[in-house]
Amino acid sequence: RFAQELPAIAALLPAASAELDRDEAQARRELACDGPQPDAGCAITVHYLFQAFRAVPPGAVFRSLIMAFAFADHDPRYVGINIVMPEDAPIALRDYDLHMAMIRYLAARYPRVHRSLHAGELAFGSVAPQHLRDHIARAVDAGAQRIGHGTDIAFEDDARVTMARMAREGIAVELNLTSNDVILGVRGADHPLHLYRSMGVPVVLATDDQGVLRTDMTNEFVRAVREQGLRYRDLKGMARASIAYSFVPGASLWQDRRLGTGVPACASLASAACASFLQASEKARLQADLEHRFDAFERARLADRPSLQ
């Protein structure tokens, strides 16, 4: 089937890149990025994940996954793929194993393409209990490098084994507090944020889909404080993790996933050796910029309030 589908998909790739060129140019115009007063959004670094669809017949799922992998391999602005649509949809539940097999197959053929897989976006009572047993574990087995949502982890058969593997291999979980509340009714003490943290799993906060949920990252951090009891140091670690475990190209500023401990070249961010290191890595440049922003914020807002740190 892959051999049958690939020629038509390959023919679409240049047109897809051209469409993205037009979309990005339009965004720059609307934000006045090339004018004297550019919108603040012009300074944001943007990369993309190509979304394949899971709640459609198998042939359509496979076709969308082939397009996802092929385009992410073709256009460097796309740094990876995801599989989306409701995980509790009947077809998505029925074909979950098949979808993971498709992803394993394509990952072997496109080894440069990163994989962030929505898995475990389920809640007790929303599906039959057997569907809560292992979706996250199977996504990790299929080669997920990040897990989106992961909300039902406590109900999985081998949850501790799966979380230990995620911690060991640096497979981050993207937690979406507003989305999990609105869509699944999972909030407060029922949310697995602290469970993941207790097992050493890298945790990052995300909005899921702010255009649908009418939230933003500020609100997600506020909810993390008010509902989950996190403090500034916790949020700072999550913000660092969001870049460290992203698919942005280049080496990390941090040594051996120890966030806050720089690689030898960047023991001092002001050194010439660090400047050379940053020049060679987009990820490290973003991480260094975040550190400078932390420093400025802490000097201006927290210097006289150490208890908040």
Side-chain angles (χ1 to χ4, degrees), residues 49 51-56 61 81-97 99-100 103 115-142 144 146-160 162-163 166 171-199 201-230 234-235 238 241-242 245:
L49 296 177
Q51 298 181 157
F53 302 117
R54 70 186 342 150
V56 293
V61 174
I81 65 99
N82 200 346
I83 187 166
V84 298
M85 297 181 73
E87 193 175 341
D88 58 359
I91 293 177
L93 292 174
R94 183 196 70 193
D95 293 343
Y96 193 86
D97 281 343
H99 298 163
M100 295 302 105
I103 290 166
R115 294 146 326 263
S116 176
L117 304 183
H118 279 194
E121 191 186 0
L122 304 168
F124 185 80
S126 67
V127 294
Q130 66 265 25
H131 295 305
L132 302 173
R133 296 180 61 180
D134 57 6
H135 276 204
I136 299 168
R138 283 191 276 172
V140 171
D141 286 340
R146 292 205 312 256
I147 293 292
H149 294 282
T151 316
D152 73 349
I153 185 65
F155 296 95
E156 295 217 354
D157 290 344
D158 296 312
R160 294 182 68 85
T162 298
M163 287 187 286
M166 292 173 69
I171 301 171
V173 60
E174 308 158 3
L175 298 183
N176 311 277
L177 298 177
T178 298
S179 174
N180 297 156
D181 183 1
V182 173
I183 296 175
L184 301 176
V186 176
R187 66 182 72 88
D190 291 332
H191 198 278
L193 182 149
H194 289 290
L195 177 59
Y196 279 116
R197 283 168 55 84
S198 73
M199 290 293 295
V201 177
V203 171
V204 304
L205 293 179
T207 62
D208 189 17
D209 191 335
Q210 65 188 76
V212 172
L213 295 160
R214 297 297 188 261
T215 186
D216 58 21
M217 284 306 303
T218 298
N219 185 65
E220 298 307 299
F221 281 112
V222 170
R223 290 190 74 139
V225 172
R226 290 180 172 172
E227 299 175 12
Q228 300 297 326
L230 299 189
D234 304 315
L235 303 182
M238 289 180 176
S242 69
Y245 295 96

side-chain contact (heavy atoms from CB on, under 4.5 Å) against Arg187, all qualifying residues, sequence neighbours excluded: Asp181
Full working for side-chain contact (heavy atoms from CB on, under 4.5 Å) between Met238 and Leu230: CA-CA 11 Å; Met238 289 180 176; Leu230 299 189; 3.4 Å; yes
Partners passing side chain to side chain donor-acceptor pair (under 3.5 Å) against Glu227 (at least two apart in sequence or in another chain): Arg223
Residue pair Val61, Asp95: steps toward the side-chain contact (heavy atoms from CB on, under 4.5 Å) verdict: CA-CA 10 Å; Val61 174; Asp95 293 343; over 6 Å; no
4.5 Å side-chain heavy-atom contact, Asp234 and Gln228: no
For Asp152, side chain to side chain donor-acceptor pair (under 3.5 Å) partners two or more places apart: none
Residues in salt bridge (charged side-chain N to carboxylate O under 4.0 Å, His left out) contact with Arg115, at least two apart in sequence or another chain: none
Salt bridge (Lys or Arg N to Asp or Glu O under 4.0 Å): pairs with one or both residues in residues 120-134, sequence neighbours excluded: Arg133-Asp157, Asp134-Arg138
Spacing of CD1 belonging to Ile153 relative to CG belonging to Leu122, to within rounding of 0.5 Å: 11.5 Å
Pairwise distance CG(Leu49) to CZ(Arg146) - rounded to 0.5 angstrom: 6.0 Å
Partners meeting side-chain contact (heavy atoms from CB on, under 4.5 Å) with Phe221 (sequence neighbours left out): Leu205, Met217, Leu235
Distance (rounded to the nearest 0.5 Å) between Glu174 CD and Ser179 OG: 11.5 Å
Counterpart residues, side-chain contact (heavy atoms from CB on, under 4.5 Å), relative to Val84 (two or more places apart): Gln51, Phe53, Asn82, His118
Gap separating the CG atom of Asp208 from the CG atom of Leu177, nearest 0.5 angstrom: 11.0 Å
Nearest-0.5 Å distance, CD1 of residue Ile103 to CG of residue Asp141: 12.0 Å
Least distance between heavy atoms, Ala139 atom then Tyr96 atom: CB-OH, 3.8 Å
Non-neighbouring partners of Arg94 that pass side chain to side chain donor-acceptor pair (under 3.5 Å), sequence neighbours left out: none
Straight-line distance of Thr151 OG1 to Asn180 CG, nearest 0.5 Å: 3.5 Å
Contacts of Thr207 that satisfy side chain to side chain donor-acceptor pair (under 3.5 Å) - sequence neighbours left out: none
Residues in salt bridge (charged side-chain N to carboxylate O under 4.0 Å, His left out) contact with Arg160, at least two apart in sequence or another chain: none
Note, Glu156 side chain near Met163 side chain (heavy atom, < 4.5 Å): no
Under the ring pair (Phe, Tyr, Trp, His ring centres under 6.0 Å) test, residues paired with Phe155 that sit two or more places apart: Phe124
Counterpart residues, side-chain contact (heavy atoms from CB on, under 4.5 Å), relative to His131 (two or more places apart): Leu93, Val127, Ala128
Candidates Ile136, Val140, Ile81, Ile171 - the one meeting side chain to side chain contact (heavy atoms under 4.5 Å, CB included) with Leu117: Ile81
Exercise: do His135 and Glu87 side chains pair donor with acceptor under 3.5 Å: yes
